[in-house]
Amino acid sequence: MILKAESISRKYPRLSANSNFFYAVKATDFEIKEGEVIAIMGRSGSGKTTFLNMLGGLLTPSEGKVTLDGTDIYSLSDNERSKLINSNIGIVPQGQSGIDSLTVTENILLPYCLYHKDNEADKYAKELIKFVGIEDIADCYPSQMSGGELRRMAIARALINRPGIILADEPTGDLDDESTRSVLELFRRLAQDKVAVLMVTHDELAGNYADCIYKMDAGTLTG
Ligand SMILES: Nc1ncnc2c1ncn2[C@@H]1O[C@H](COP(=O)(O)OP(=O)(O)OP(=O)(O)O)[C@@H](O)[C@H]1O
Ligand SMILES: [Mg+2]
């Protein structure tokens with residue numbers, strides 16, 4: 001599975017002396033394929049989340065295109081794109097992304113339940129919950145959980161559909177060193193099973209687990 005960006009950029013409105021918009025991400029080419037672990041680092045506001053969201057089908061680029069195994073994802077209808085992304089890309093968003101009215105287990109199963117009516121993912125959900133170490137709170141609700149627990153729930157949720165690609169925005173942000181290591185080791189192990197992992201991180205530890213590290217600086221990605 002190959003996720004590719006061809007000269008994608010994203011502009012947002014912002015008034016300044018000589019223009020009424022600015023580029024959060026400037027024209028960028030990028031590619032990630034199976035078995036690769038890539039980390040992106042960079043200062044706050046440099047465009048990392050904007051870039052990841054464009055790759056994950058969540059934000060239409062102002063210019064350029066994103067292809068998943070050759071399919072231009074933004075040429076699809078919203079429904080077609082959601083289905084394609086949901087079954088192939090696991091997304092760990094930045095910040096809290098749990099649904100408050102659902103339990104941990106239900107949140108984790110949500111990406112599966114969107115397109116299936118059976119319980120076939122239940123066993124895998126249990127395994128993931130155990131792996132990320134939140135089995136004691138499997139029936140709790142997001143408002144009852146800590147930042148690190150919510151982060152681990154989001155990681156399990158991103159894996160439930162056994163995606164070929166994982167896009168993770170600061171997946172270890174709220175985690176202690178030991179949990180950080182176990183998440184990074186999990187990503188490495190998934191890569192051995194041909195999964196591609198792209199993560200945004202501020203964590204120096206990530207350098208030990210990534211095949212390469214890119215830097216985002218004022219909307220420009222460099223290798
Ligand atoms: N919806 C929006 N409308 C206008 N400007 C936006 C919007 N989203 C992001 N921006 C701006 O785009 C720039 C890049 O934001 P982005 O969230 O991609 O940064 P980031 O590198 O992920 O930062 P952080 O490390 O703090 O998460 C910032 O200057 C931000 O203010
Ligand atoms: Mg961000």
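Quick caveat: nothing in here was measured; it's all calculated off a predicted structure. Whatever order the structure lists ligands and atoms in, that order sets their numbers, starting from 1. Sequence positions, counted from 1, serve as the residue numbers for this chain.
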Short N/O distance, under 3.5 Å, between Gly47 and ligand 1?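 For ligand 1, there is an N or O atom that lies under 3.5 Å from one belonging to Gly47.
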Return yes or no for this condition: an N or O of Gly42 is under 3.5 Å from an N or O of ligand 1.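 Gly42 vs ligand 1: no N/O contact under 3.5 Å.
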If you define the side chain from C-beta out and look only at heavy atoms, does anything of Asn88 sit under 4.5 Å from Ile165? no
State if Glu170 counts as touching ligand 1 under the rule of any non-hydrogen atom under 4.0 Å. yes
Determine, using heavy atoms of Arg43 and all atoms of ligand 1, whether some pair is separated by less than 4.0 Å.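 Contact present.
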Where is the tightest heavy-atom contact between [X] and [Y], given as atom of each residue plus distance?
{"X": "Ile73", "Y": "Leu55", "answer": "CD1-O, 4.0 Å"}
{"X": "Ser9", "Y": "Ala27", "answer": "CB-N, 3.7 Å"}
{"X": "Ile108", "Y": "Ala125", "answer": "CG2-CB, 4.4 Å"}
{"X": "Ile32", "Y": "Val197", "answer": "CD1-O, 3.4 Å"}
{"X": "Lys11", "Y": "Ser62", "answer": "N-OG, 2.9 Å"}

Note the single closest protein heavy atom to [atom], along with its residue, its atom name and the distance in Å.
{"atom": "atom 23 (O) of ligand 1", "result": "Gly45 N, 2.8 Å"}
{"atom": "atom 21 (O) of ligand 1", "result": "Lys48 NZ, 2.8 Å"}
{"atom": "atom 29 (O) of ligand 1", "result": "Arg14 NH2, 3.4 Å"}
{"atom": "atom 9 (C) of ligand 1", "result": "Tyr12 CE1, 3.5 Å"}
{"atom": "atom 27 (O) of ligand 1", "result": "Gln94 NE2, 2.8 Å"}

Please lay out, stage by stage, how Arg189 and Glu185 fare under the test salt bridge (charged side-chain N to carboxylate O under 4.0 Å, His left out). CA-CA 6 Å; Arg189 227 177 316 130; Glu185 272 160 22; 5.6 Å; no
Plane angle bin for His116 and Tyr112 - parallel if under 30°, tilted between 30 and 60°, otherwise perpendicular: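 Parallel: the ring planes of Tyr112 and His116 meet at under 30°.
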What class does the angle between the rings of Tyr12 and Phe22 fall in, given that below 30° is parallel, 30 to 60° is tilted and above 60° is perpendicular? tilted
Is Phe22 touching ligand 1 with its side chain, its backbone, both, or neither, if touching means heavy atoms under 4.0 Å apart?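 For Phe22, the contact with ligand 1 is made by the side chain alone.
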Counting distance only, does the side-chain N/O of Lys48 pair as donor-acceptor with the main-chain N or O of Gly42 below 3.5 Å?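 It does hold such a pair.
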Using a 3.5 Å distance criterion without hydrogens, assess whether the side chain of Glu34 forms a donor-acceptor pair with backbone atoms of Met1.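 Answer holds: yes.
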Ignoring hydrogens and geometry beyond distance, is a side-chain donor-acceptor pair present between Arg151 and Ser179 at under 3.5 Å?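 Checked: Arg151/Ser179 side chains show no N/O donor-acceptor pair below 3.5 Å.
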How about Tyr124 and Asn161: does a side-chain donor come under 3.5 Å of a side-chain acceptor?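 Short answer, no.
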Give the numbers and elements of all ligand 1 atoms closer than 4.0 Å to a heavy atom of Ala24. 12 (O), 13 (C)
Proximal ligand 1 atoms for Thr49, defined as those under 4.0 Å from one of its heavy atoms: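 Those of ligand 1 that fall under 4.0 Å from Thr49 are 17 (O), 18 (O), 20 (P), 22 (O), 27 (O).
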Atom 26 (O) of ligand 1: which of Ser44, Gly95, Gly173, Ser46 has the nearest heavy atom?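 The nearest heavy atom belongs to Ser44.
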Of Val200, Thr50, Asp169, which has the heavy atom at the shortest distance from atom 18 (O) of ligand 1?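 Minimum heavy-atom distance to atom 18 (O) of ligand 1 goes to Thr50.
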For the Mg ion (ligand 2), check which protein N, O or S atoms are under 2.8 Å away and list them.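 Checking every protein N, O and S atom gives Thr49 OG1, Gln94 OE1.
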